[in-house]
Amino acid sequence: MDQGMGFLLAIAGGLLMGSFSLPMKRTAGWAWENVWLVWSVAALIVAPWVIALITVGPLFTVFAKAGTGTLAMVFLFGVGWGMGAMTFGQSISILGMSLAFAISIGLTLALGSLVPLATRPEVFATKSGIVLGAGIVLMLAGVAASAWAGSLKEARAAAARG
């Protein structure tokens with residue numbers, strides 16, 4: 001795949017990530033499980049197969065060469081990601097889109113930056129490591145502020161209900 005196609009796929013992925021929960025506004029009367037089932041089938045089964053069949057030449061040959069152990073690890077990590085996606089979807093229905101995004105994505109980005117670096121803690125003593133650490137602390141402060149704002153909003157809503 002050339003760089004242009006990779007760039008277009010990254011742009012498409014960003015647009016889809018930013019708008020994936022918009023259909024939930026139109027399905028407000030549906031049970032959460034029904035909304036998430038439609039999303040899961042489309043986003044976790046149909047779209048990946050279509051994209052893989054279009055972008056990877058001999059897809060099943062690649063699978064055969066990968067080996068059972070590699071495919072098992074991909075499957076297990078995929079199950080973990082899917083469970084995370086389901087709990088994120090549930091958080092959207094409980095907390096609302098803006099608060100769920102702020103908390104979930106903020107924590108994911110912070111942990112996603114910290115975990116790989118945990119294997120080489122000496123990185124945090126470098127100038128870039130200090131800047132990265134400061135950025136992560138700032139991000140976590142933003143997550144904490146968002147969570148606090150959400151709890152204040154919930155308390156006000158509960159007081160208004162009586």
If I take atom CH2 from residue Trp49 and atom CD1 from residue Ile54, how far apart are they, to the nearest 0.5 angstrom?
13.5 Å
Atom pair OG (Ser91) and CD1 (Ile103), whose distance is rounded to the nearest 0.5 Å:
8.0 Å
Hydrophobic clustering (ILVMFWY, side-chain heavy atoms < 4.5 Å, transitive) - are Val56 and Leu53 grouped together?
yes
Interatomic distance, OG1@Thr55 vs CG@Leu9, rounded to 0.5 Å, equals 7.0 Å
When clusters are formed from ILVMFWY side-chain contacts under 4.5 Å, directly or step by step, what else is grouped with Trp148?
Leu152
Can you give me the closest heavy-atom contact between Ser146 and Leu99, atom names plus distance?
O-CD1, 3.0 Å
Between the CH2 atom in Trp81 and the CG atom in Leu76, the distance rounded to the nearest 0.5 Å is 16.0 Å
If you look at every heavy atom in Ala52 and Leu59, which pair is closest and at what distance?
CB-CD2, 3.8 Å
Listing, residues 104-117 side-chain donor-acceptor contacts under 3.5 Å, not counting sequence neighbours, or none:
from, atom 1, to, atom 2, distance (Å)
Ser104, OG, Ala100, O, 3.1
Thr108, OG1, Ser104, O, 2.7
Ser113, OG, Leu109, O, 2.9

Please answer: with hydrophobic residues joined when any side-chain heavy atoms are less than 4.5 Å apart, are Phe75 and Met83 in the same cluster?
yes
Inter-residue atom distance Glu33.CD - Gln90.CD, 0.5 Å rounding:
7.0 Å
Val38 reachable from Leu44 in the ILVMFWY side-chain graph, under 4.5 Å edges
yes
Answer yes if Ile130 and Val123 sit in the same cluster of Ile, Leu, Val, Met, Phe, Trp and Tyr residues linked by side chain heavy atoms under 4.5 Å apart, and no otherwise.
no
Do any pairs count as a salt bridge (charged side-chain N to carboxylate O under 4.0 Å, His left out) and have a residue in residues 121-144, sequence neighbours left out, and if so which ones?
Arg120-Glu122
Tell me whether Thr126 contacts the main-chain N or O of Gly129 through its side chain, where contact means a donor paired with an acceptor under 3.5 Å.
yes
Residues in side-chain contact (heavy atoms from CB on, under 4.5 Å) with Ile11, at least two apart?
Phe7, Leu15
Taken in chain and number order and not counting sequence neighbours, the residues that satisfy side-chain contact (heavy atoms from CB on, under 4.5 Å) with Ala43 are Trp39
According to side-chain contact (heavy atoms from CB on, under 4.5 Å), who are the partners of Leu71, at least two apart in sequence or on a separate chain?
Phe63, Ala66
Single-linkage hydrophobic cluster, 4.5 Å side-chain cutoff, Val41 and Val50 together
yes
